[in-house]
Amino acid sequence: MPELPEVETIKRQLNREITGKKITGVEVLAVRTLRTSKAQFLEGVVGAKIKSVERRAKLLILNLNNGSSILTHLKMTGQYVYDGEAHKHTRVIFSFGPKLKIMFNDMRRFGYLKLVKTVDLPKFLANEYGPEPLEKSFTVQKLSEILKRRPNMKIKQSLMEQKLIAGIGNIYAQEACFMARVLPTRSAKSLKPDEIQKIYDSIRKVMTEAIKYGGSSAENYLNLYGKEGGFVPHLKVYGRGKEKCRRCGSILKTIKLGGRGTVYCEKCQK
DNA sequence: GTACTTGTTGAACG
DNA sequence: TCGTTCAACAAGTA
């Protein structure tokens, strides 16, 4: 499941490979993957150059040199793969000249691409998404204020709420709670300042580390070069229910929180 | 065959 | 209006 570190990895790789290049063709194999009519999409995209690639929350933003941007979300199983082979799950193919192609693959078809006006983006993004956890302006005070806005919400769910904080999903919310030694079920209002500080540090640390390893390929995430991320061996709780806690050796518990699987250590997390 | 996986949206509830 | 919960979406794996 691509979350901030995975999307950030793809963003950096896309910037390296396609920024400055001209989109010479687009092949749409699954029309429903587009959130813009096919005709409009092709008209707005073909012939344009990629000015830059950005990430906001889990969204990738491909800014074009004609005032439009492609807003794209990988959701659960989306992949951008450079020079791969098209296959059953390939939904859109971008061509950059006669040789280079980028495939958008998406097994579960939740992902999308949408053409928007670049100038409209800042307002839209500010409305829909909370602060970026790795930005300098995201301070522990900021996190504290954010948590106060939903005092009864369980901390793991607060961390995953995109309107409160951007980019954290089910994997890193669980990892951050473990690292902070706080139970995912604790209500926001029950957290003491030193616990909020630990959660803050943990979010930043786990995200930074995960980016360093190119993200986690827990399900089917692949980077632009079709390679898996290297962070899975570093995950402490996600996907490890009934296994031994790496810190204390006791058996990790699994519960459901907001309909999502949640693993934690009863002994280490309070 | 059944249960389970998840990011986001939109409906429904109080 | 707001916060919150929950089903739905899709398609694969165990």
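All chains are named by letter (A, B, ...) in the order of the sequence lines, taking the proteins before the strands, and each is independently numbered beginning at 1. Excluded from the calculations below are hydrogen atoms, water molecules and symmetry mates; all remaining heavy atoms, backbone and side chain alike, are included. Just so you know, these numbers come straight off a predicted model, no measurement behind them.
The distance between atom CG of A/Leu159 and atom P of B/dG7, rounded to the nearest whole Å, is 13 Å. A/Lys75 places its NZ atom 9 Å from the C1' atom of C/dC9, with the value rounded to the nearest Å. The distance from atom CG of A/Asn170 to atom C1' of B/dT8 is 13 Å, rounded to the nearest whole Å. Taking atom CZ on A/Arg91 and atom P on C/dA10, their separation rounds to 11 Å, with Å as the unit. Between the NZ atom of A/Lys163 and the C1' atom of C/dT1 there is a distance of 13 Å, rounded to whole Å. When rounded to the nearest whole Å, the span between CG of A/Leu164 and P of B/dG7 equals 16 Å. Counting to the nearest Å, the P atom of B/dG7 and the CG atom of A/Leu59 are 14 Å from each other. When rounded to the nearest whole Å, the span between CG of A/Leu74 and C1' of B/dT8 equals 13 Å.
Among the heavy atoms of the strands, none lies under 4.0 Å from A/Arg149. Residue contacts for A/Lys154: at a heavy-atom cut-off of 4.0 Å it reaches no nucleic acid atom on any strand shown.
For residues 253-264 of chain A, proximity to DNA chain C is found at A/Arg260, defined as any non-hydrogen atom under 4.0 angstrom from a strand atom. Residues from residues 231-244 of chain A with heavy atoms under 4.0 angstrom of DNA chain B, sorted by number: A/Tyr238. Of all the residues in residues 104-117 of chain A, A/Met107, A/Arg108, A/Arg109, A/Phe110 reach under 4.0 Å from DNA chain C with at least one non-hydrogen atom.
Counting only residues at least two apart or in different chains, side chain to side chain donor-acceptor pair (under 3.5 Å) contacts with residues 171-182 of chain A comprise A/Glu6-A/Tyr172, A/Asn170-A/Gln174, A/Tyr172-A/Ser216. For the ring-ring contact (aromatic ring centres under 6.0 Å, His included) condition, the pairs that include at least one residue of residues 181-205 of chain A, sequence neighbours left out, are A/Phe138-A/Tyr200.
In this structure, the nucleotide among B/dG7, B/dT8, C/dA11 sitting nearest to the side chain of A/Glu3 is B/dG7. Among the nucleotides C/dG12, C/dT4, C/dA10, the one closest to the side chain of A/Asn152 is C/dT4.
Taking side-chain N and O atoms only, A/His89 has a distance below 4.0 Å to OP1 or OP2 of C/dG12. Dashed line: the shortest gap from a side-chain N or O of A/Arg32 to OP1 or OP2 of C/dC9 is not under 4.0 Å. Between A/Lys58 and the phosphate of B/dT8, there is a side-chain N or O to OP1/OP2 separation shorter than 4.0 Å. Contact annotation: A/Gln162 side-chain N/O to B/dG7 OP1/OP2 distance is not under 4.0 Å. Contact annotation: A/Lys88 side-chain N/O to C/dG12 OP1/OP2 distance is under 4.0 Å.
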For residues 256-270 of chain A, run the donor-acceptor check on the side chains, cut-off 3.5 Å, and write out each pair with its distance to 0.1 Å, sequence neighbours left out.
from: A/Thr262; atom 1: OG1; to: A/Lys156; atom 2: NZ; distance (Å): 2.7
from: A/Thr262; atom 1: OG1; to: A/Arg260; atom 2: O; distance (Å): 3.1
from: A/Gln269; atom 1: OE1; to: A/Cys265; atom 2: N; distance (Å): 2.8
from: A/Gln269; atom 1: NE2; to: A/Cys177; atom 2: O; distance (Å): 3.4
from: A/Gln269; atom 1: NE2; to: A/Val182; atom 2: O; distance (Å): 2.9
from: A/Lys270; atom 1: NZ; to: A/Lys267; atom 2: O; distance (Å): 3.3

Under 3.5 Å, side-chain donor or acceptor atoms of residues 37-51 of chain A against the rest of the protein: list the pairs with distances, not counting sequence neighbours.
from: A/Ser37; atom 1: OG; to: A/Gln40; atom 2: N; distance (Å): 3.2

For residues 20-30 of chain A, run the donor-acceptor check on the side chains, cut-off 3.5 Å, and write out each pair with its distance to 0.1 Å, sequence neighbours left out.
from: A/Lys21; atom 1: NZ; to: A/Glu17; atom 2: O; distance (Å): 2.6
from: A/Thr24; atom 1: OG1; to: A/Ser95; atom 2: O; distance (Å): 3.1
from: A/Thr24; atom 1: OG1; to: A/Gly97; atom 2: N; distance (Å): 2.8

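Remark: A/Lys198 pairs with no residue by the salt bridge (Lys or Arg N to Asp or Glu O under 4.0 Å) rule, at least two apart or across chains. Residues passing the side-chain hydrogen bond (donor to acceptor under 3.5 Å, both in side chains) test with A/Thr185, sequence neighbours excluded: none. Checked against salt bridge (Lys or Arg N to Asp or Glu O under 4.0 Å), A/Glu54 has no partners two or more places apart in sequence or in another chain. For A/Lys212, the salt bridge (Lys or Arg N to Asp or Glu O under 4.0 Å) partners are A/Glu209, not counting sequence neighbours.
Below 30°, between 30° and 60°, or above 60°: for A/Tyr213 and A/Phe231 the angle between ring planes is between 30° and 60°, a tilted geometry.
Residues A/His87 and A/Asn105 have side chains that bring a donor and an acceptor to within less than 3.5 angstrom of each other.
Under the 6.0 Å distance and 45° angle rule, A/Arg91 does not count as a cation-pi partner of A/Phe104.
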